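So the structure is just underneath, and the comments pick up after that.
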There are 2 protein chains.
Amino acid sequence: MAGIPAYIQIREVLRNRIVQGKYRPHERLPGETALAEEFSVTRMTLRRAVDDLVAEGLLYRSRGRGTFVRARPARADHSRLQSFCDANRALQRTPSSRLLEARALVPDPTVSEALEIDHGQPVFRIVRVRLADNEPVAYHEAYVPCHLIPDMLEKNVEDSLYAIYREYGLTPTTGEQVVEARSVGGEIARHLGLAAPHPVLYVERISRAASEVPVEFLRAYYRADRYSLYMVLKA
Amino acid sequence: MAGIPAYIQIREVLRNRIVQGKYRPHERLPGETALAEEFSVTRMTLRRAVDDLVAEGLLYRSRGRGTFVRARPARADHSRLQSFCDANRALQRTPSSRLLEARALVPDPTVSEALEIDHGQPVFRIVRVRLADNEPVAYHEAYVPCHLIPDMLEKNVEDSLYAIYREYGLTPTTGEQVVEARSVGGEIARHLGLAAPHPVLYVERISRAASEVPVEFLRAYYRADRYSLYMVLKA
DNA sequence: AAGTGGTCTAGACCACCTC
DNA sequence: AGGTGGTCTAGACCACTTA
């Protein structure tokens with residue numbers, strides 16, 4: 001089918017069977033040999049598909065017993081890199097934005113270093129309030145090197161920036177982030193609809209394209225009552 | 001060598017070469033064919049080893065170009081499941097604890113559900129202040145089903161609980177956690193050496209053994225100024 | 001054109017768990 | 001004993017990047 005690798009197609013079929021409850025929580029899946037036969041692939045290819053779902057935390061394997069569906073409340077997994085829009089759609093919330101600022105400037109050294117550009121090089125600064133179902137959830141300050149996307153300001157900068165990066169072949173594929181607890185007041189609290197001071201999750205994130213080039217540096221403040229991080233951990 | 005899978009041995013050899021700087025940041029590794037030959041294994045097996053290091057964020061691949069060493073400041077990665085003690089040793093801090101409470105009780109339904117036990121079943125409740133280099137960092141409330149480790153209270157409950165789990169063949173291998181920002185006051189703030197109220201990272205974590213049995217449910221409060229989460233993200 | 005990583009095949013033997 | 005997942009081989013063809 002259309003050049004998409006077999007293991008990805010199989011992975012998505014299996015994912016659908018899980019989320020649609022065709023394979024129920026704690027239920028054993030058919031053996032790998034049986035599934036490989038069903039999809040007409042080698043066991044190695046079938047395993048490649050299951051590997052991904054295990055890494056995502058949807059399935060778990062037990063040697064000698066089988067592969068099982070993990071019983072879990074539906075949650076957005078934040079150990080994956082995804083945009084605010086995608087994350088909210090996954091939670092069946094409608095994302096939107098309020099644009100506060102969009103201009104080019106020379107950033108402070110912290111930003112230059114995070115983006116791995118020389119000090120003095122200009123960046124775009126996009127400040128937005130992010131809403132879910134029309135309720136303010138986060139205050140986002142995004143920084144993007146001007147040389148990567150010269151005509152950024154002519155784009156629709158109010159919606160997903162990730163869509164713009166994609167147009168330029170700079171789809172973010174990896175990233176790192178640091179999460180802290182902070183208390184905010186003043187302007188940011190006001191934009192979030194909070195009486196200051198209030199605890200927030202403060203996130204700094206670097207998003208990188210496949211070539212490892214830093215595409216975006218983000219400083220984000222999330223309302224504690226409307227946002228939490230969920231992650232699956234492995235030893 | 002001693003029944004350890006080839007891909008794990010190769011992975012550790014490669015890891016050493018990276019941390020010891022034999023392969024330098026941003027440097028291209030030898031091709032997969034060359035490395036497979038060096039270790040006298042198939043390319044598939046070699047790839048299995050490299051897959052792990054890529055997942056850990058030590059390496060990255062670029063189709064058509066090669067496999068490269070990621071240049072990153074050393075940080076503790078919190079997308080892995082590890083005990084407070086191990087996490088601190090990785091940061092070269094000396095961990096210690098102050099035991100506040102250790103007793104059996106019937107927990108509230110939230111705890112029973114997290115541990116997947118029937119309501120009314122007893123659990124051990126271990127409350128500790130965790131310190132790094134003798135400074136309070138976290139307030140931990142751990143819950144462990146009594147039937148899993150009957151003589152828990154006779155063990156050294158002040159140090160790593162993970163060591164006790166291991167004795168019983170219940171080494172935690174997976175887990176899930178939710179991270180929130182909160183403000184704490186009262187007793188907890190006092191134990192953390194804080195003038196109330198103060199923002200903290202609030203973490204709820206379920207740790208599971210290989211069999212998926214929940215071994216521990218943890219409620220933790222981390223001082224915002226002494227603890228942050230660092231994670232590597234993938235698309 | 002040559003080298004790189006991405007995918008895939010068709011087998012094999014093993015350790016482990018359950019019956 | 002039979003089924004399960006864990007590991008491994010020895011090839012193959014492809015898309016992509018760089019020179």
Side-chain angles (χ1 to χ4, degrees), chain A residues 1-14 23 26-55 58-70 169-171 173-174 209-213 234-235, chain B residues 1-14 23 26-55 58-70 169-171 173-174 209-213 234-235:
Chain A
M1 212 213 295
I4 297 165
Y7 79 91
I8 292 181
Q9 299 183 39
I10 294 168
R11 182 185 71 197
E12 296 311 314
V13 170
L14 293 177
Y23 297 140
H26 289 307
E27 183 183 325
R28 216 199 76 218
L29 264 62
E32 297 182 343
T33 322
L35 282 175
E37 194 173 356
E38 180 195 335
F39 291 109
S40 306
V41 293
T42 321
R43 208 184 125 214
M44 284 291 266
T45 303
L46 185 277
R47 273 180 69 81
R48 179 74 176 75
V50 174
D51 280 345
D52 284 0
L53 297 172
V54 169
L58 262 70
L59 297 175
Y60 63 93
R61 289 197 260 234
S62 181
R63 188 190 196 128
R65 298 203 304 131
T67 303
F68 302 84
V69 179
R70 206 185 277 276
L170 294 168
T171 310
T173 54
T174 65
S211 56
E212 289 281 304
V213 178
K234 275 151 277 180
Chain B
M1 211 212 297
I4 297 166
Y7 78 92
I8 292 181
Q9 298 183 40
I10 294 167
R11 182 184 73 198
E12 296 312 315
V13 171
L14 292 177
Y23 297 142
H26 289 308
E27 181 183 324
R28 217 199 74 218
L29 266 62
E32 296 182 344
T33 321
L35 282 174
E37 194 174 356
E38 181 195 335
F39 292 110
S40 306
V41 294
T42 320
R43 210 183 123 213
M44 285 291 268
T45 303
L46 185 276
R47 275 180 68 80
R48 179 74 176 76
V50 174
D51 281 345
D52 284 0
L53 297 173
V54 169
L58 262 70
L59 297 175
Y60 64 95
R61 287 196 263 234
S62 182
R63 187 188 196 135
R65 298 203 304 132
T67 303
F68 302 84
V69 179
R70 202 184 279 275
L170 294 168
T171 309
T173 54
T174 65
S211 55
E212 289 284 304
V213 177
K234 275 150 278 181

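Remember, predicted model here, so these are calculated numbers, not experimental data. Residue numbering restarts at 1 for every chain, and letters A, B, ... go by the order of the sequence lines.
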In terms of side-chain heavy atoms of B:T42, which of C:dC8, D:dA10, D:dC8 is nearest? D:dA10
Just do the side chain to side chain contact (heavy atoms under 4.5 Å, CB included) check on A:V41 and A:Y7 with the steps written out, would you? CA-CA 9 Å; A:V41 293; A:Y7 79 91; over 6 Å; no
A:L35 CG to D:dG3 P, straight-line distance once rounded to whole Å: 16 Å
Given C:dC8, C:dG6, D:dT9, identify the nucleotide with an atom nearest to the side chain of A:P5. C:dC8
Phosphate OP1/OP2 of C:dC8 contacted by A:Y7 side-chain N/O (<4.0 Å): no
Presence of B:T45 side-chain N/O under 4.0 Å of D:dC8 phosphate oxygens OP1/OP2: no
May I have the distance from A:I8 (atom CD1) to C:dG6 (atom P), rounded to whole angstrom? 12 Å
Are any of B:R47's side-chain N or O atoms less than 4.0 Å away from OP1 or OP2 of C:dG6? yes
Presence of donor-acceptor pair under 3.5 Å, side chain of A:R43 and base of D:dG6: yes
For the backbone of A:I4 and the side chain of A:Q9, can you confirm whether one donor and one acceptor N or O come within less than 3.5 Å of each other? yes
The side chain of B:M44 lies closest to which of these nucleotides: D:dC8, C:dG5, C:dC8? C:dC8
Phosphate OP1/OP2 of C:dT4 contacted by B:R28 side-chain N/O (<4.0 Å): yes
Applying a 4.0 Å non-hydrogen cut-off, can you work out what A:S62 is touching in the nucleic acid: base, sugar-phosphate, or nothing? sugar-phosphate
Gap between atoms CZ and C1', on B:R65 and C:dA2 respectively (whole Å): 17 Å
Euclidean distance, atom CD of residue A:E37 to atom P of C:dC8 [Å, nearest integer]: 19 Å
